Structure formats: C-alpha cells, structure tokens
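Structure record follows, encoded as structure tokens.
Being a predicted model, the structure only gives us computed values, none of them experimental. Here is the naming used below: chain letters follow the sequence lines, and residue numbers restart at 1 for every chain. Side chains included, hydrogens not; waters and symmetry mates left out as well; all remaining heavy atoms used.
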Amino acid sequence: MTTDMATDQASDLDRDSGSSAPSGDDTGFDQSAERRAVLKHRRGSRWAHWINFPLLTIMIYSGLRIYWADLRNPVGVGVGEWHLFDLFPDSVNEALGLERKLARGLAFHLTFGWLFAINGLAYTIYTLVTREWKQLKPGKGALKDSIGVILHDLHLRKEEPAHEGNYNAAQRITYSLIIFFGLVALLTGFAIYKPTQLSLLTNSLGGYEVARKIHFFVTIGFMAFFVIHILQVARAGFGNFWSMVTGYQLEPKKPESRSEKGQNK
Amino acid sequence: MNDDQNNNSTHDSTRNNGPDMTETMNEEAPKTISEAEFYRKSRRSFLVGGVTAAATAFGYRGLLNQEAAPGDNIPTTLRSGLEWNEDVWSRLFREGHTAPTYSPSQSSVLRVNGRHGIRSDIDLDAWELQVQGPDGEVWGTHQLSDIQALDRHEMIIEHKCVEGWSQITTWAGARFSDFADLYSDQGAADHKFVSFVTPDEDYFVGFDMPSALHEQTLLAYDMHGGPLDLDHGAPLRLATPLKYGIKHIKRIGSIQFTNEQPADFWASRGYSWYAGL
C-alpha cells in the first residue's frame, strides 16, 4: 500500500489518486486491486451541458414553429432557383406539429432564449476562469489531423487518431465551432428580435434578412451536430456517456499495468 | 459529502503550488479516483440526475398544461415571459433613436397580409376619425384633409411581420406626435397609452405613448408613391418601424388616449402586447 502510493506520487497525474486512498480505506477496499476512474468533465461543464440540452431543444423547436409561419419563401436545398426540396418538407412540418403555432413559438422562443443566453454566458465565463477552454482549443494542424480522425471513424483508415487530453483534433474543431455557433445564434437572434432598437447590431451583421438566414443556418448546424454527436457518443460507449454525468470514466482493465504494480511490490 | 472534505484536506499541497483559480477548481475534483469512489459518485449522480431530469420533465409538462388567463391564448408563465421582455425593451427605448431608412429603388408595394377590420363596406367620402379621451368622451372628429393639413413626412422603412417576412416600402403621412399636439389642451400626450380601432371595431391595437410619439410613427395616407388603396388601409392607417406589422392598423376609425393598457387584437391571441422591434 505504501509503496503503491509512493509510485503514484512520482507522476503529476497520479498525485491526486493519493487523495482517494483515505476514502478507499474507509470502505475497506484494497487499492492495489482497484481500477481507477479518470476525471473527464468538471462539474461546471457537466451542468452547463445538461442545462443546455433541453434549452437548445426548446429553442430549436419553437424556432421552427416561427419559421413555419411564413412558408411562402422557404429555404430550399438545390441549385439556384431549382430546389430538390424545401425546408422543411410538409411531412416533417406535420410530424413535428409546427403548423399554426406561431404565438406559442414566439412566446417559448423569447422566454427561454434568455435562459439559453445566461447558461451560455455562464459556461463561457466558467471555461475562461478555469482555463478549460484549453481542452477545446484546436492545436496547430488540427484541420489536417481532423481529416485523419474522420477517415478513421469511417473505417477508411486504421491508425488511431492522436489526442491530447480528452479530445482529438476533429472533436476540438467541432466543439469549438458549436460554442461559436451558440454566440452567432445569440447575436443574430437579438439582431432579428430588435432590428430597430439594436439597428447597429443588425446592420453590422448584414441587415435583417441576412441575419435571419444566418440564424436559420446556425440552427441547421445545431441539428447536424446533434445527429453526429449522438452517433459518436453511442459509438464511444456507455462509460464515455456516463462520464458527462459523473465527471469520471473508469479506466479499462489493463493486465500489464497490474503486473507493473506487482513488480513494485 | 464526507468524500469532498477528504479530497479538500488532502489537497492542501496542491493549493501551495499557486493561488490561481485553476488550482482552486482542481482541488474540488481530483484527477483520478478509486473504483469504489467512482461507483459512489455514480450512484449519487444517478440520483441527482434522475431527480433533476424528472423535475424538468414535470415542470415542462406543467407549463404545457397551464391554462391561459381569460382573454389570452398562451400559458400564464409564457405571458409573464413576454411581459418581462416588454419591460426590458421599453426601458431601453431611446426617444431619438431611429430605424434605418432605405433608398426609393428598394421600395415596393407592400404585400397584403391581413383583412381584419377592413372586410366591411366603407364610403370613403363619409369616413370620419373620432378622437376620445380616457373616459370615452369625444374630443373631436376629423376629415382626411385635417390630417393632410399637418406636415407631411415620408419614410422608406423595412416593414417586418411576426411571421418572419420583411419588405421595404415607402410611407407618407402625418406624424402621430403632430396629431396629438392638436389635443395638447387636453394633455393628450401625457397619457400612458393610445388605442386605435377600426370603424367596424373588428380590429384594434394598443400603443405605449413613447412609441406612438416617436418621429417615425405616422398616420399614413400614402404608400409607395400613391394614395392608400382599400386593401392597404385607406383612407388612414398606422405605419412605424418600431412595431411589427400587426400593430400597423388599417382603416383607423377612432383613436383614444387612455391610461389603461388598451385591448389588442393579436395580444389576446397569444402575441406580445408591446410587439416592439
């Protein structure tokens, strides 16, 4: 036990595991046979993440109800005047119950928008103060590395992508981008909410119609992110998902590290 | 809770490394924990998460099932949300701040989007505008020529609809503030609100006084270079870049200065009463 702790203290990362020894002793667990759990997400990030999830869902849903109110000039997917389909096809509008709910859409959107903004600002301040943003900041060559990640994830390349800390290059780019999207959503949202009172903001974003388009495409971005995010989290397994709840992920059983410990003894 | 205390006490060494916030935050959350501690945290998180998720779902259901107040169409909590917004933005109202204006080449004939209040027949020559005080007492009546006798102002603004569309068009008419000056003896502009109603009383809007007196709030009789047609609200309508189109009442029949927040057609159907831009 004592030698175990001594070796733990040798490395910076392991230093903290010494702190769990007393609690381990409390419950009578034998530390040497234990797997450890590694901190992945701090409390502030976890709360911000889980508060954001229902809020963003409400914002997107109520936003689509507002969008539905004027279908005379919908955003289409296609080339020039030719649209393969318009956003959104009637089947989608019906399935989501968007029809004739503009008043409710507006009321939800403009009430919960404040909470979305407050949570986003709180997270931003938190991540600056704790310097957690460093975890998300894409490093040099992140764009190139992220191609490797995508090829690996699509099973087109065997090599495991490198990652520093929690995230690989593609994750860093995606998560940084999605936080930036949040800011863009907020700014364009205010620009189209108060185009007269905040005319400076609206004009600097290219005017009412442009700001409205950006606001819409950012929403599409959120939806695309959501789909990929869910697929990736499902792929990464329950332990990874659960670490967003507890903060910690249990290390996989490593036979070789056990034998190392055995040698120390 | 005990675990946290343990962690804190054993982390005094970390604190000595430096007083910055990162270290302070780090000591709350050790980088690694034992398996037993992990399962303990798991159970606690499961409980906290479960209770929070259940409370959220319960709260949201409650919000959806909430009854609207009489004369309203959205849950009371959402109405409070809208009113809170109105409070914020009316406090941020700046008298001298004007909406952007555009060039004549960008202007076009406005899309006709609502016929509430203008469906009934009207004899334009017999039309009269009635002005009332707070208790409904008649202060005066006007012909269109009375309005046209006031200074004529033209503005090319971007008209916005709650539905999301917008269109640039040209309005011309008298400033409402100039019209209110006709009743300065009665202290018309000192009231808190103005109410506008169509002759058939099918459509009605309420205005806060600061927005009504703004220099870009016009009693309009011309649109896009010609006199208003019936579909656009002849003979007299409101136009202002300070409010959504739902407030731009067509075919005004009467105007009342009042201190009680006037009824509003779309507000009673679930929209913001203020409807400010």
| task | Please look at Trp68(A) and chain B and tell me whether the side chain, the backbone, both or neither of the residue comes under 4.5 angstrom of a heavy atom of that chain. | result | neither

| Side chain, backbone, both or neither: which part of Trp50(A) has an atom under 4.5 Å from a heavy atom of chain B? | neither

Considering only heavy atoms, which portion of [X] lies under 4.5 Å from any heavy atom of chain A: side chain, backbone, both, or neither?
X: Thr52(B); value: side chain
X: Val162(B); value: both
X: Arg79(B); value: neither
X: Ile157(B); value: neither
X: Tyr244(B); value: side chain
X: Trp84(B); value: side chain
X: Tyr60(B); value: side chain

| note | Counting heavy-atom pairs under 4.5 Å with chain A, the top scorer among Thr56(B), Leu242(B), Thr77(B), Leu63(B) is Leu63(B)

Pairing of [X] and [Y] as salt bridge, 4.0 angstrom limit:
X: Arg35(A); Y: Glu251(A); value: no
X: Asp208(B); Y: Lys247(B); value: no
X: Asp70(A); Y: Arg111(B); value: yes
X: Asp231(B); Y: Lys250(B); value: no
X: Lys134(A); Y: Glu132(A); value: no

Please check if the distance between the ring centroids of [X] and [Y] is under 6.0 Å.
X: Trp133(A); Y: Tyr123(A); answer: no
X: His41(A); Y: Trp47(A); answer: no
X: Phe216(A); Y: Tyr67(A); answer: yes

| query | Is it the case that His224(B) and Ser107(B) place a side-chain donor and acceptor less than 3.5 Å from each other? | reply | yes

| Closest-packed option against chain B by number of heavy-atom pairs under 4.5 Å, given Gly247(A), Gly207(A), Ala69(A) | Ala69(A)

| With under 30° as parallel and over 60° as perpendicular, where do the rings of Phe196(B) and Phe207(B) fit, or are they tilted in between? | perpendicular

| query | Which of residues 102-111 of chain A get closer than 4.5 angstrom to chain B, counting heavy atoms alone? | reply | Leu102(A), Ala103(A), Arg104(A), Leu106(A), Ala107(A), Phe108(A), Leu110(A), Thr111(A)

| Who in residues 53-65 of chain A is close to chain B, using a strict under-4.5 Å heavy-atom cut-off? | Ile58(A)

| How far does CG of Leu110(B) sit from CG of Asn113(B), to the nearest 0.5 angstrom? | 8.5 Å

| note | To the nearest 0.5 Å, atom CD1 of Ile220(A) lies from atom CG of Leu87(A) at 5.0 Å

| request: State, yes or no, whether a side-chain contact exists between His153(B) and Gln216(B) at a heavy-atom distance under 4.5 Å. | output: no

| query | Hey, does Ser108(B) have a side-chain heavy atom less than 4.5 Å from the side chain of Ile168(B)? | reply | no

| query | Can a cation-pi geometry be assigned to Lys40(A) and Tyr248(A), taking NZ or CZ under 6.0 Å from the six-membered ring centre and within 45° of the ring axis? | reply | no

